[in-house]
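This report refers to the structure that appears directly beneath it.
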Amino acid sequence: MTSADTLDQPAAAGTRTDPEWWRSAVVYQIYPRSFADADGNGVGDLPGITSQLPALADLGVDAVWLSPFYTSPQADAGYDVADYRDVDPIFGTLADFDAMAAKARELGLRLIVDLVPNHSSDEHPWFQAALRAAPGSPERARYLFRDGRGPNGDEPPNNWRSVFGGPAWTRVTEADGRPGQWYLHLFDTKQPDFDWTNEEVKEEFRQVLRFWLDRGVDGFRVDVAHGMVKQAGLPDEAEDAETAVMAQAPVVEAEGAGAAQPGQQVTASEASAAPQASSDEPAVTDRSLYSNYSPAWDQDGVHEIYRDWRRILDEYPGDRMMVAEAWVSPLSRLARYIRPDEMQQAFNFEFLSARWDAKTLRTVIDASLATAGSVGAPSTWVLSNHDVIRHASRFGIDYVDRPNGIGPDDPQPDAARGLRRARAATLMMLALPGSAYLYQGEELGLPDNTTMAPEFRQDPVFRRSGGTEVGRDGCRVPISWQADAPALGFNETGKTWLPQPDSYRELARDQQAGKADSTLEMYRAALRLRKENGLGDGALQWAAEQPDTAVAFSNAGVGVVANLGDAPIAVPAGEVLISSGPLTDDGLLPPETTVWVRT
Ligand code: NOJ
């Protein structure tokens, strides 16, 4: 049996009254530039999103998270905000936002928005004022301006590197026309870092939170949550330190360390089983185990900010939440962000970064559940987002370190294998207890555009690395709705800000809807079965029989086996609920396939 057997059953959207709804929520990430374009200018917008929200309710997700739509010069696709309280005209207006939020509410979908507090745009009025003001002024004190080193101050204040390549400092010209101070930007030159020791900055963001909470948002995805506080004095990085955090593969702790053994139960939240850590009693390892220490990242001071914000969120009804984008490792450091008085969730980038290898995945799953559980939080699961190669492409290449995009000159992914593995990985992920994040288009099995010509590239990573890193544009291409429509149904004019690859035509939503075995119907059926069986709120129990090349567990009466090997293996006894591909003629589970059975 495959997903199509369940087609006629409507998928239920999330109910807005669930307490702690986020513990088991499936959250769909919308990248507004590339979801749906109502005005036809080639860039997606809020009215486009509103028009397609029913498709997401129909898919069966509980919530949507929108990447930034705020006023922005778009130097980093909106992660460079010039006005935190308004919508950029390319995306619409505040009235369009309200209409979208109302539609989401009507459909029972929760709404999470992105918050970008580490840095603003250089076109933010505060930064413009800082440029006009003198060194030492209150205007400069909202950012990290410092004098340079060397006799004329013409060397940067320290050796930090931008995550996007090149130095993390840019020198300004003072009012008298002379070269002056330097300002810190952990990302692009056009993204100056705030000084989070500054009380004005803290108060501003409290007000920004309230602005969107008052408009009814259910939560925030907190960008660069591990970067906001820097070590006092801004000391140099150690020579051998890894600063390219977005390209850094997280470290999985030793297998078995605090993790479940076969036969042992591990729940999504471990709320009842695990000791609840209080803020001054961290249930995590100390600094000596922290292998990637850097004065720019993951400073203990960030946690004060989240405790402050949590108090604000808790004033509002409806269980508002925060999810941390924090590329920290090991997982024990990540647990600090989700202690009971901080954020509710953090993205699980260890899981996203795991290779196609059964032992690695078992270890990551174990460590994730144990670590989140140690602070009473649910684990999260994610395979794709707007910063990484989509998993349908990633699993189609053999790689050592996670590359920053795939370009036309790189070895190209095996599309069929990539999709097969992606479907198997997704079906395994959706059976895990906790909350899962999906990235727009993965329900269609979309790959990256891996053959994009350099002239189309817009990611600052491409420019700042001198083209040595192709960057993230490949995963940000407008998604496909209809095979025989302009821009594959993204809009009515055919314009797209990034080119869509040929493969997006046959993968368009209208080609998959209602078709047995399509990736779209597999997602729809899996989300329905996940909800019906309460898998998000369940508990994982490792199977007693654990072939080396399989990931086998049960959760809430559903047995799950993912076959990562290259030979068929047995399917557990019971009714087959869904599989990511057909079983063999003699009822075995083929390689690169996952099955759910009712045990
Ligand atoms: C993480 C975001 O996901 C990414 O797209 C962005 O470039 C950086 N943060 C900087 O805001």
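Counting starts at 1 for both ligands and their atoms, following the listed order.
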May I ask you to list the atoms of ligand 1 that are less than 4.0 angstrom from any heavy atom of [X]?
| X | result |
| --- | --- |
| Arg472 | 4 (C), 5 (O), 6 (C), 7 (O) |
| Val224 | 9 (N) |
| Arg476 | 5 (O) |
| Phe164 | 7 (O) |
| Phe187 | 8 (C), 10 (C) |
| His119 | 10 (C), 11 (O) |

What class does the angle between the rings of Phe349 and Phe347 fall in, given that below 30° is parallel, 30 to 60° is tilted and above 60° is perpendicular?
-> tilted

Under the 6.0 Å and 45° cation-pi test, does Arg464 pair with Phe164?
-> no

Does Asp448 use its side chain to pair, donor to acceptor, with the backbone of Ser393 at less than 3.5 Å?
-> no

With heavy atoms and a 4.0 Å threshold, my read on which part of Trp327 contacts ligand 1 is neither

For Gln29 and ligand 1, answer yes if some heavy atom of the residue is under 4.0 Å from a ligand atom, otherwise no.
-> no

Out of Val116, Val163, Val81, Asp76, who gets a non-hydrogen atom closest to atom 10 (C) of ligand 1?
-> Asp76

Between Lys190 and Glu123, is the closest basic N to carboxylate O distance under 4.0 Å?
-> yes

side-chain contact (heavy atoms from CB on, under 4.5 Å), paired with Gln440, selected from Ser67, Pro32, Ser34, Ser384 | Ser34

Do the ring centers of Phe97 and Trp212 come within less than 6.0 Å of each other?
-> yes

Minimum side-chain heavy-atom gap Glu325-Val224 below 4.5 Å = yes

